[in-house]
Amino acid sequence: MNKINIAIDGPAGAGKSTVAKLVATRLEFIYIDTGAMYRALTYKAFQNKIDFHDEEELNLLLKDTNIQLTSAGKVYLDGEDVSEQIRSQEVTNSVSFVAAHSSVRHEMLVRQQNMAQSGGTVMDGRDIGTAVLPNAEVKVFLSATVEERARRRYEENQAKGIPTDFEQLKDEIALRDKRDSERATAPLKKADDAIEIDTTQLSIEQVVASILEIVAGRT
Ligand code: CDP
Ligand code: CDP
């Protein structure tokens with residue numbers, strides 16, 4: 001198969017990472033979780049007590065930061081495995097502030113474009129189809145109602161034994177989506193040439209099958 005790039009964007013809980021990982025495995029492509037990169041920087045900013053609104057400090061911090069994503073889905077920050085820590089509630093609720101700064105986004109974009117330069121990637125995030133890989137051969141925008149996305153996250157938390165208030169979780173998701181959609185630089189947005197899949201009523205397998213069908217049509 002040709003080494004194409006596949007861009008998958010959408011709001012929190014739309015199923016991007018679950019589906020992107022499966023598509024990558026089926027195609028023997030590399031999965032790139034760009035959200036994990038913003039989360040890793042946010043985690044490091046917490047450790048270094050850097051204000052999330054201080055763009056200059058955050059950008060300096062990022063320039064001095066190594067983020068590695070492994071094929072097994074692990075995230076290494078300056079050589080340390082932070083895969084668990086970057087999913088904390090604290091990081092989740094702050095990451096969209098860090099990700100709003102244009103200089104931070106520019107540095108991330110350069111790194112992400114380098115990762116995809118040889119093709120053969122499935123990259124998920126918010127601005128992949130619009131900014132990072134505007135020439136990706138396949139662009140998909142996954143959506144689902146906020147109720148359904150909150151329900152999915154709630155079930156994940158239940159399975160992990162994390163006590164969760166459903167309404168609060170739903171509000172937090174809606175707020176993060178709003179910040180991601182309203183920022184000035186590379187907001188969460190469907191690319192004009194992306195195919196939207198509303199996953200509200202779909203199983204993971206159905207979404208994976210739809211994407212593989214789109215890929216087959218393009219290659
Ligand atoms: O997994 P979940 O959908 O909760 O979020 P994520 O993909 O891990 O992304 C976390 C946050 O990083 C998002 O809410 C955005 O603020 C930011 N992000 C971004 O701005 N651009 C990307 N390409 C990916 C993530
Ligand atoms: O990466 P993103 O935030 O878009 O979502 P995710 O972390 O891949 O998916 C959130 C949860 O929804 C996971 O527990 C998935 O198993 C579940 N899911 C689902 O139930 N049905 C789908 N069609 C897609 C995801």
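All ligand and atom numbering here is 1-based and tracks the order in the structure. All residue numbers refer to positions in the sequence shown, counting from 1.
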Main-chain N/O of Pro134 paired to Lys139 side chain as donor or acceptor, under 3.5 Å: yes

Sidechain-backbone polar pair: Gln68 side chain, Gly79 backbone, donor-acceptor under 3.5 Å: no

Arg151, any N or O under 3.5 Å of ligand 2 N or O: no

Residues Lys44 and Asp78 bridged, charged N to O under 4.0 Å: yes

Ion pair Glu107/Arg111, N-O distance below 4.0 Å: yes

Interfacing atoms of ligand 2 (cut-off 4.0 Å, heavy-atom, Leu202): 21 (N), 22 (C), 23 (N)

Ligand-residue contact atoms, ligand 2 with Ser203, heavy atoms, under 4.0 Å: 23 (N)

Close side-chain approach of Arg176 and Pro11, heavy atoms under 4.5 Å: no

Glu57: salt bridge (charged side-chain N to carboxylate O under 4.0 Å, His left out) partners, not counting sequence neighbours: none

Audit row: Glu148, Thr200, side chain to side chain donor-acceptor pair (under 3.5 Å) steps and yes/no: CA-CA 6 Å; Glu148 171 62 14; Thr200 307; over 6 Å; no

Close residues, ligand 1: non-hydrogen atom nearer than 4.0 Å: Ala12, Gly13, Lys16, Thr34, Gly35, Tyr38, Arg39, Arg87, Val95, Ser96, Ala99, Arg105, Gly125, Arg126, Asp127, Ile128, Arg153, Arg176, Asp180, Arg183

